[in-house]
Structures are given as structure tokens and as C-alpha cells.
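Only one structure is covered here, and it is reproduced in the block below.
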Amino acid sequence: MTPGFRNPFKLLDFAFVMQEKISQQHGPVIDLALDTISKGKQALVFVNSKPSAEKQAEEISKRCNGKLDELAEKVLNVLSTPTKQCKRLAGCIKKGIAFHHAGLDQKQKELIEDGFRAGEIKIICCTPTLAAGMDLPAFRTILTSLKRYTNHGMDYIPVLEYEQMAGRAGRPKYDSYGEAICIAGTDAQKEELIEKYLNGEVEHIYSKLAAEPVLRTYVLSLISSGLVRSKEDLMKFFSRTFFAFQFKDLKKIEELLVRVLGMLKDWGFVKGSSNEDFVSADSMNEKYIVTLLGKRVVELYLDPLTANKLVEGLKKKCEKNEFSYLQLISHTLEMRPLLRIKKSEYEEVQEKIALIEENLLEDGFFDEFEDFENSIKTAWFFEEWINESSEEQLLEKFGVRPGEIKYKLNLSDWLLFSCIELSKLSLLNENVSNLTKLRVRLKYGIKEELMPLVRLKGIGKTRARKLYSNGIKDVRGLKKIGLGELKLLIGEKTAENIKKQLEMG
DNA sequence: GGACGGTGAAACTTCAGGTTGCCTC
DNA sequence: GAAGTTTCACCGTCC
């Protein structure tokens, strides 16, 4: 831990003194940022939301005169067509300021992190993305707010989280100490912050085993690995965990485990190993073994609940189209958080539901209708993607940023792969070819007609579309066209490469 | 007089994050 | 609960 930064009074008083000393020109955050730069140092500014991170960075950058044109150019051209977000980021970076959150493309995040480490970028305004894991120390950490929106309204963040953010301050190699500065609005608030975060204790750690999804997954994998063969084994195992230590009530744990076992059995992921008829259902000695399907569920790292939902959905006999599958995988715990429906979108989504209701692979969503509606919006977003909407269009229509698009696509690929595997093991092979096709389309973001073209290395969404609209629709078309003409369409190097691939068959 | 643009206050809307599968030239 | 965004009334300017 860096010396200096744990001394609470020094710290917070410093912030107050600082505000007066820096003559409060533009508000505390901007003043502190500019002061950091004038000292030749760097700072991380933690804010509460993605829009805030962008706004704050922009405000600071307006008052800076960096000249990082080259880096800005790189950041701008990470995607095939820059989105609004890219332009905004490039504008800030030009001045030596950046914003950083999960909505950025991975490549952009790396450029920013490297730029900061190299000392070119002076200030990063970020959401808690940068709080943990990342090795990005700065001289100063500025925490604009220690409250965050939760399910129960605005609430103070845990002390542990505060420490993670504050702990970014202090660069072992360059500074002998670091400064973590919380912005307090009033004296009363200042006292509150000191009490809670500087004098307060870190919260107790609670075992996450208590959460049922984790418990389900755990029990199944224990049985699958052979570590646990009976309810008795299971109880023995769990009585030694931190979960049991905290929970204390072994009877309750047993009830919970029995329920989980029952579910796994109903879903066909485990079965009684022998002479089941002679052993009563809640006998401690009843032996369990994993089924083939259950084993695969473990290997796929799926929550058994999700796995069962997928299997049940895949079984459904109805007219299935892309949207059917997309909605099925969107309405899982794994896909959360789902895209949320804005007020202005409500009617549009209702219309969409009416349109595709008959093709859905699930029924009985009445208890959590809002969640269901969100799954429709999420599936819709995927659908637009495979119909060749650009990142910019998705940002406009669904408010999904490029980084989030990639993350969601990665999840969807995993879940579709899981659907394929589960179909194979559940004798539901009629789904396999459609799912496989869908995976390819999601990977590239293309309509079905471009599929033959993207098989070739060097051809993705953009080039495939260009070729197609010029009448080249498949490998045969590519073979027929002359090299010169092909070069004009997709560039010299790529054209040569493609021809080579075709020759090799 | 009417179109247009700028300004500011009120009303409205939204709010962090990120491991897992497989294959591979 | 707070901050960012949108909306809308109001005013001044120019043609």
C-alpha cells in the first residue's frame, strides 16, 4: 500500500484545501485534473456511468492542449466505420485525455491503456472497469461519487470497492506516494465519507455458494467428477465449505441440496445408479451418477437451469426461425444483463412480440414479463446484426456500444454452441444445421446469402457484401472473375490471396 | 411578419462489470 | 438520487 494515501485526514482535507487553492474555476473534478497535468502527473477519474465518463473526459479535454494526433487516428479507425463514440473518443485523445468503459472496443481499450502507461495520455475518466485487475497506476485517483444506483435506489458502494479504486493511486516506480481524492459536496458528507471509507472496515466476505445457480452448477460438477456419489457424500463435502461455516444451519443446507438434487434428476442430468426402487427417495445412501447429457452440461459450463431451458426450448415443435433461437438464448441467466426497453420503445417491442409470438420456443413467462420483453429486445438486436446493421446503426437503435456488441456476440456464440451440443445428445438433430448456420451469421454479422463468401480467409462482412453486390455470389463466381477486376474490388493483396486459396481448392 | 438560432429552465430518462465452449489456418 | 439529455418556451436578429 502506498504511504500517505491511507491517512484519512490528510487525504480528504487535502481535497478541500485543494478546491480552495485551485481557485475553483471549473468545478472540482476538472480543476483537479488540470492541476495533475500541470504537475506533470497522471490521474484516473472514476465516475458512475458510461455517459458521465465520456462527458467528463470531453469537458477536461476542452481545456487541454495535447497533440496526440497519431494515437487519436488509431483509436478512430479501429472499426470498419467509426461510430459516434469512436469520434468522441478520438477527439478527447487528441488532447491527451481518454474515457474508458465496457462499451469501448477491446482494441481501443488497449490503445488507451498503453498510451497511459507511456505517459502520453494524462487523464482517464472511467467507470469501475479500471478499478480491479488492470495494472494502471496513476499518481492521483479522483473519485467523483461513492454512491451508485442499485435495485434499491442510490446506495454507497462497498468499502472493498472503494479501496480498489483508491488503490490505483501511487506508482511504485515513479512516485513515493499517491493521492486518492474523494469529492464531497458538503462538510457533513465529508464526515460521512471519512467514517465509512477511511475509518470503516471492509465488509465481510460471503460465500457465493449460497446463490442457487452456483449451487446447482457445483452439485452437478461434483457428481460428474465422481467426487460425490450420494447425498451423504454431498453433505459431507458441503459441511466442510465456507458456505456451511457461515450458514451454520446444516438442516437448511440439506433441504437446499435435496431440492437441487431433485431438479438435476428431473432434468435428466443425474440418475440413481441402481436398484432405485428399493431405496427411499430421501435416503442418504441413494447413489447418483451423472448422465451423458449432464456431463456435457458440466463441460459447457452451463448453469443446469439454463441447460434445461435450452433443451426444453429445442424440443418445441413450432415453426422455428432465427429469432426463435436468438430469443431462447437471450432469455437465460448467462446473457444478463439484457438490453433494457426504453419507454419510447415499448410499443415497438409489443408489436414485435405479436409478430413472432408463434415462433417462440418458450412459454409461461407471465411472472417475469419485463424480463421476457427485454429478452425480445436483446434477440432483436442480434437479429439486426445478422441482417447486416452496422455498429453505428446498432448504437443508434439499441444504444449498444461496440464493446458490448462484441461481448454479447461472444456469449451468444457460446450459448448457440451449447444448443448444438445439447441437441445432438437429446436426439433433436433437426436443430443442428439451422443453429450452425446461425452461428456463422452471428460471427460475421451477415445475411445468409453471404455465407459462401466468408468461408474464404480475408473476406468478412464488408468485402463479402461488396463482392455480392457486384454479382459475385460464391466460389464459382470468384473463380470466373479475372484477377485484375478482383483487385479493383477488394484490393491487391486480398485479391491475390483469394485466388491462391481458390487454386489450392 | 415570419423564419431561424440561441438560451435556459423544466421534464424526462437512465444508471458498472465481462469467465465459461470449440477450433485453427 | 443524480446527472445527462431532450423538449419547449422565450427572446433577439435578420431577411
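Chain naming here is simple, since letters A, B, ... match the order of the sequence lines and numbering starts at 1 in each.
Within the structure, side-chain hydrogen bond (donor to acceptor under 3.5 Å, both in side chains) contacts touching residues 213-223 of chain A (residues at least two apart or in different chains) are Arg216(A)-Asp303(A). Sorted by first and then second residue, the salt bridge (Lys or Arg N to Asp or Glu O under 4.0 Å) pairs involving residues 399-419 of chain A (not counting sequence neighbours) are Lys50(A)-Glu404(A), Glu54(A)-Arg401(A), Asp105(A)-Lys406(A), Asp413(A)-Arg439(A). Among residues at least two apart or in separate chains, there is no salt bridge (Lys or Arg N to Asp or Glu O under 4.0 Å) pair with a member in residues 454-463 of chain A.
Within residues 84-103 of chain A, the residues approaching DNA chain B are His101(A), Ala102(A), by heavy-atom distance under 4.0 Å. Less than 4.0 Å separates DNA chain B from no heavy atom of any residue of residues 304-313 of chain A.
Applying the side-chain contact (heavy atoms from CB on, under 4.5 Å) criterion to Leu328(A), with sequence neighbours excluded, gives Leu310(A), Leu314(A), Leu361(A). For Ser145(A), the side chain to side chain donor-acceptor pair (under 3.5 Å) criterion is met by no residue, not counting sequence neighbours. Here Ser330(A) pairs with nothing under the side chain to side chain donor-acceptor pair (under 3.5 Å) rule; sequence neighbours left out. The ring-ring contact (aromatic ring centres under 6.0 Å, His included) test applied to Phe99(A) returns His101(A), not counting sequence neighbours.
Side-chain contact, Gln85(A) with Glu392(A): no donor N or O sits under 3.5 Å from an acceptor N or O.
The Tyr301(A) side chain lies nearest to dT20(B) when the options are dT20(B), dG17(B), dC22(B).
Interatomic distance, Lys437(A) NZ to Met451(A) CE, rounded to the nearest 0.5 Å: 6.5 Å.
Across all strands, Leu415(A) comes closer than 4.0 Å to no nucleic acid atom at all (heavy-atom distances). Across all strands shown, Glu299(A) has heavy atoms under 4.0 Å from sugar-phosphate atoms exclusively, and none from any base.
A straight line from CG of Leu104(A) to P of dA16(B) spans 13 Å, rounded to a whole angstrom. In this structure, the CD atom of Gln164(A) is 14 Å from the P atom of dG17(B), given to the nearest Å. Residue Arg401(A) contributes atom CZ, which lies 14 Å from atom C1' of dG17(B) at whole-angstrom precision. The nearest whole Å value for the distance from the CD atom in Glu161(A) to the P atom in dG17(B) is 11 Å.
For dG1(C) and dG18(B), the P atoms lie 28 Å apart once the distance is rounded to whole Å.
The outermost nucleotides of DNA chain C lying under 4.0 Å from heavy atoms of chain A, listed 5' to 3', are dG1(C) to dT5(C).
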Readout for nucleotides 6-15 of chain B: B = base within 4.0 Å of protein heavy atom, S = sugar-phosphate only, - = neither; 5' to 3' it is -------SSB
Checking Arg296(A) against Glu299(A) for the salt bridge (Lys or Arg N to Asp or Glu O under 4.0 Å) test, could you report, in this order, the C-alpha distance in whole Å, the side-chain angles of both residues, the deciding distance, and whether it holds?
CA-CA 5 Å; Arg296(A) 199 75 186 104; Glu299(A) 287 166 352; 2.7 Å; yes
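Between its opening and closing five pairs, the helix from dG1(B)-dC15(C) to dC15(B)-dG1(C) changes axis direction by 10°, a value rounded to 10 degrees.
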